[in-house]
K.L.:
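Once you've had a glance at the structure underneath, I'll fire off some questions.
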Amino acid sequence: MPKRTTDGGSGTPKRNRNGTAATPASSPGSKRTLDFFFTNRSLNNSPVDRKPYQEKAENGNEIADEELARKLQAQFDAEYHELNQNNTARQLVQDPEHTTIFDNTGVSNSEADTLKISESDISVAETVDCGVRPPSPSKEVALIPTAAIYGSIATIDFTVSPPKFDPIEHLTALKRLIPAPYLLLTHLFTQVDATRSRIKIINGLTNFIRLLMLLDKSAITSAVWLSTNSIGPPYTALELGIGGSILSKALKTVSGISAPALKSLYDKYGDIGDVAFEAKVSVRTLVDPPRLSIKGVYDTLLQIAVAKGSKSQELKQKLVEKLLIRGRGEEVRYLTRTFVQHLRIGAVRTTMLTALARAFTFTEYGPDCAQDKLQKAEEIVRQCYARHPNYNDIIAGLLVSGVEKLAESCPMTLHIPILPMLGSITKDMSEMLVKIGNEHTEFACEFKYDGQRAQIHYDESGKISIFSRHLDLMTDKYPDIVDVLQSHRVILDSTRSFILEGEIVAVNEVTGALGSFQSLSNRGRKDVQIASISVTVCLFAFDLMYLNGESLLDVPFRTRRELLRSSFAPVPHKFAFAESIDATPLDQDAISTFFRSSIESKCEGIMVKLLDSIAATTTASTRRTKSLLSTYTPDLRRESWLKVKKDYDSAADSLDLVPIGGWYGNGRKSNFWSPVLLAVRDPDTGVFQAVCKCMTGFTDAMYKETKAKYDEGTINVTRLKPADFETPLTPEYYWVPQEVWEIKFADVTLSPLYPAAQGIISDRGLSIRFPRFIRKRDDKGVDEASSPAFLAELYQRQQSRGAEDQDDLYEQFY
DNA sequence: TTTGTCTGCCC
DNA sequence: ATTCTGC
DNA sequence: GCAGAATGGGCAGACAAA
């Protein structure tokens, strides 16, 4: 049996795009953990006696080889029969052109078919097809030319500039592989993954789509979903439901490698896809399984997503295994990343839209078409996506009517959510005033409520849809909101259809006092019945994007707000307009007062929005390079509102915490400790109580410094939990307490997990919301770290907010 | 039935 | 959610 | 300034296991 070393062979990943090789398992026990992969705690029970990666993996491989190959072969055979009986027969009827893919010739006669495509072809497929075809008896000989074509895919360079990429050049050979092979997509991913250049990434996606348009149009949507870490638009609520647990079980089955050995691999690479790649490389099969197609992979994902009920986990795992078995080389890496919806190739949304726009423009006008034509196309596609965020419909529209008429073929539609306008962070009032414009700029300040954002659609028939910030449909979660709108005369008679936006906040039904975010999240989420609602809410409306059949997106905020206020009638404690004042930069006192009152009302701070569109000006007083927008156009400027929150301010409360442990990071941070476990210190007992993990706020320099200090093998780290540590979490290593880090946060929360300050406030401990590292406190020793009592005091101070009378008294006296 | 694990989605 | 980094 | 990546606390819901 050929000897494989762990780093040798074709399988050495050239991960990190920054050029640094994946950590070699040089130092004994170079390990990483990530909760979401090996969440199974039992794996952590005996970390100390785990052997170094090499030995374990070698052992695993030895077991894997021959025996496993036979096992897999038997499995293939069984599955071919199964598929023959079930899907393939159906496929033969529905899709006769494609049945020749894996036959003797490997030639498809579907050329004509792939050039004409109807809308239905690119919508979600109903048939299930893994891209698997029964092997024909004489395939040994016949597969050679096909295999050569697969081999030639590796020579295609997608990242060259579009004029240098001629899709037709590749067509003749690739046509024999229709439906488009998954390997083609994987090859694109590999190339995109290898560069950080935005230009090359966009080129890659663009040229790939250009090729698919000629090769196999029906694969475009599938490829786009697979490239964007999703399987459908968010508002259709398709969940894969695959996490580290199912994946590690599937990997174990497919590779024959034991769970501990897989964990070692994971520790080494810091990426599940890389683990799968490595694990699968060590598996040799006697006969290669048939190749995957793009559409086949996508359809299997859909099948995984719809699996529900008893034994569904098992079914999902089976389907995952099926794909993994059929995947080869790089395919396995990206299949696996797709399973956890974390492709990490540097192209998520905007990049894909740009690529779509360019691909269709190039195909229509040739690869040398004018720059402004491209730019215009990109604007159109981005705008259409912002108003109708569904790749199925965007691509269908592009195919049917081209880029220029996309707004008509893929229009803004009631009950399809639009992308939300977002706010950018401003540290304090003065930075906000600088960003907003000159002294004549008029703007609105609104309470930033601490609840859940909601986009509400209403049509002439009275149907209501409520969408979350990330465009998930949550109408079922808020039947009380629906009821208020429908039966309390909130919607004025003249208001026949609309899209409005607001914040849903927990409130005291009687007093109208605002509740916390934590209490809002105690509400049920699915199929909530009005009678059983325990957390009452109020909707604070703040914008109106559509009214009586007309879009208001290009209308200035001042007008939208007028229409909002004149189209709805408030109902106490149920429907209100967001608290608001209008101001100019000269009104600093009024703004400060308003900001303080927002905090006292348990809000997070304020949102600042331009009221009117400002004509482009070259006035020297404004330093802004890009003006803010008063229109509702997230496609033009995603973060055109300004967020001012108390905790952004440098004067905000912070904690001085002691780092007491760390986990290995992932991806970009795979060579660093991230996250880090932090603790308060009880000065009476000297005990360190865990408060939170922290992973943000560190510069790379800080990461390196930390890694050097708490390196494996130093006296600063230990596997065994020190007796004076109280933590429910098990980091990869515990750290010897010796530093104090300043950590900022938004709120103190009652924690179901962390033990800090347990017993002072309640039998639950305390934690913090949005922890981030600010700086090291070299001036402080661990005995000067924040105490549980201090943490509890912060919690209490925070709770006393909102009790207005009390606060006023406080201010009078101090 | 009850308890525990896993996942996705709110912020 | 927040934050950092490269383009 | 954009785009993307890496990951925070904490909840309900869906299953699996006991």
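Below, chains carry the letters A, B, ... as their sequence lines are ordered, and counting in each starts from 1. FYI, side chains are in, hydrogens and waters are out, and symmetry mates aren't considered; it's all heavy atoms of this structure. Just so it is clear, the model here is predicted, and its values are computed rather than measured.
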K.L.:
Can you name the side chain to side chain donor-acceptor pair (under 3.5 Å) partners of D656(A), sequence neighbours left out?
P.N.:
K780(A)
K.L.:
Spell out protein contact along nucleotides 2-7 of chain C as letters: B when the base is contacted, S when just the sugar-phosphate is, - when no protein heavy atom is under 4.0 Å; keep the 5' to 3' order.
P.N.:
BBSSSS
K.L.:
Decide if the gap between the ring center of Y703(A) and the ring center of W673(A) is smaller than 6.0 angstrom.
P.N.:
no
K.L.:
Measuring only the P atom in each nucleotide, how far is dA6(D) from dC10(B)? A whole number of Å is fine.
P.N.:
22 Å
K.L.:
Is the phosphate of dT7(D) approached by H342(A) (side-chain N or O, under 4.0 Å from OP1 or OP2)?
P.N.:
no
K.L.:
Report yes if a side-chain nitrogen or oxygen of S468(A) is closer than 4.0 Å to either non-bridging phosphate oxygen (OP1 or OP2) of dC9(B); otherwise report no.
P.N.:
no
K.L.:
Is the shortest side-chain N/O distance from T749(A) to OP1 or OP2 of dG10(D) below 4.0 Å?
P.N.:
yes
K.L.:
What residues form a ring-ring contact (aromatic ring centres under 6.0 Å, His included) with F208(A), not counting sequence neighbours?
P.N.:
F158(A)
K.L.:
R637(A) side chain N/O closer than 4.0 Å to the phosphate oxygens (OP1, OP2) of dG1(D)?
P.N.:
no
K.L.:
Under the side chain to side chain donor-acceptor pair (under 3.5 Å) test, which residues partner T536(A), sequence neighbours left out?
P.N.:
none
K.L.:
Name all residues meeting the side chain to side chain donor-acceptor pair (under 3.5 Å) criterion together with T228(A); count only those two or more places apart in sequence or in a different chain, and write none if there are none.
P.N.:
S230(A)
K.L.:
Quick one: list whatever passes side chain to side chain donor-acceptor pair (under 3.5 Å) with N390(A), sequence neighbours left out.
P.N.:
Y235(A), D393(A)
K.L.:
Between protein and nucleotides 12-18 of chain D, map the contacts as a letter string: B base, S sugar-phosphate only, - none, heavy atoms under 4.0 Å, written 5' to 3'.
P.N.:
BSSSS--
K.L.:
Under 4.0 Å, counting only non-hydrogen atoms across every strand here, what does L520(A) touch: a base, just sugar-phosphate, or nothing?
P.N.:
nothing
K.L.:
It should be established whether Q518(A) places a side-chain nitrogen or oxygen under 4.0 Å from OP1 or OP2 of nucleotide dG9(D).
P.N.:
no
K.L.:
Would you indicate which nucleotide in dG10(D), dA5(D), dC11(B) comes nearest to any side-chain atom of V348(A)?
P.N.:
dA5(D)
K.L.:
For DNA chain D, which consecutive runs of 3 or more Watson-Crick or G-U pairs (each distance under 3.5 Å) count as stems?
P.N.:
B:1-11 with D:8-18, C:1-7 with D:1-7
K.L.:
Would you say dC10(B) has OP1 or OP2 under 4.0 Å from some side-chain N or O of R453(A)?
P.N.:
no
K.L.:
Is D747(A) touching bases, backbone alone, or none of the nucleic acid, heavy atoms closer than 4.0 Å?
P.N.:
nothing
K.L.:
Between Y334(A) and D193(A), is any side-chain donor less than 3.5 angstrom from a side-chain acceptor?
P.N.:
yes
K.L.:
Taking only residues two or more places apart in sequence or in another chain, which ones pass side chain to side chain contact (heavy atoms under 4.5 Å, CB included) with C694(A)?
P.N.:
L678(A), F698(A), I743(A), F773(A)
K.L.:
Name all residues meeting the side chain to side chain contact (heavy atoms under 4.5 Å, CB included) criterion together with T631(A); count only those two or more places apart in sequence or in a different chain, and write none if there are none.
P.N.:
S613(A), L629(A), T633(A)
K.L.:
Please identify each residue that fulfils ring-ring contact (aromatic ring centres under 6.0 Å, His included) with F467(A), with sequence neighbours left out.
P.N.:
H457(A)
K.L.:
Which pairs with one or both residues in residues 347-359 of chain A pass side chain to side chain donor-acceptor pair (under 3.5 Å), sequence neighbours excluded?
P.N.:
R198(A)-T351(A), R358(A)-E378(A)
K.L.:
Has N666(A) got a side-chain N or O lying under 4.0 Å from the OP1 or OP2 atom of dT7(D)?
P.N.:
yes
K.L.:
To the nearest angstrom, how far is I466(A) atom CD1 from dC10(B) atom C1'?
P.N.:
15 Å
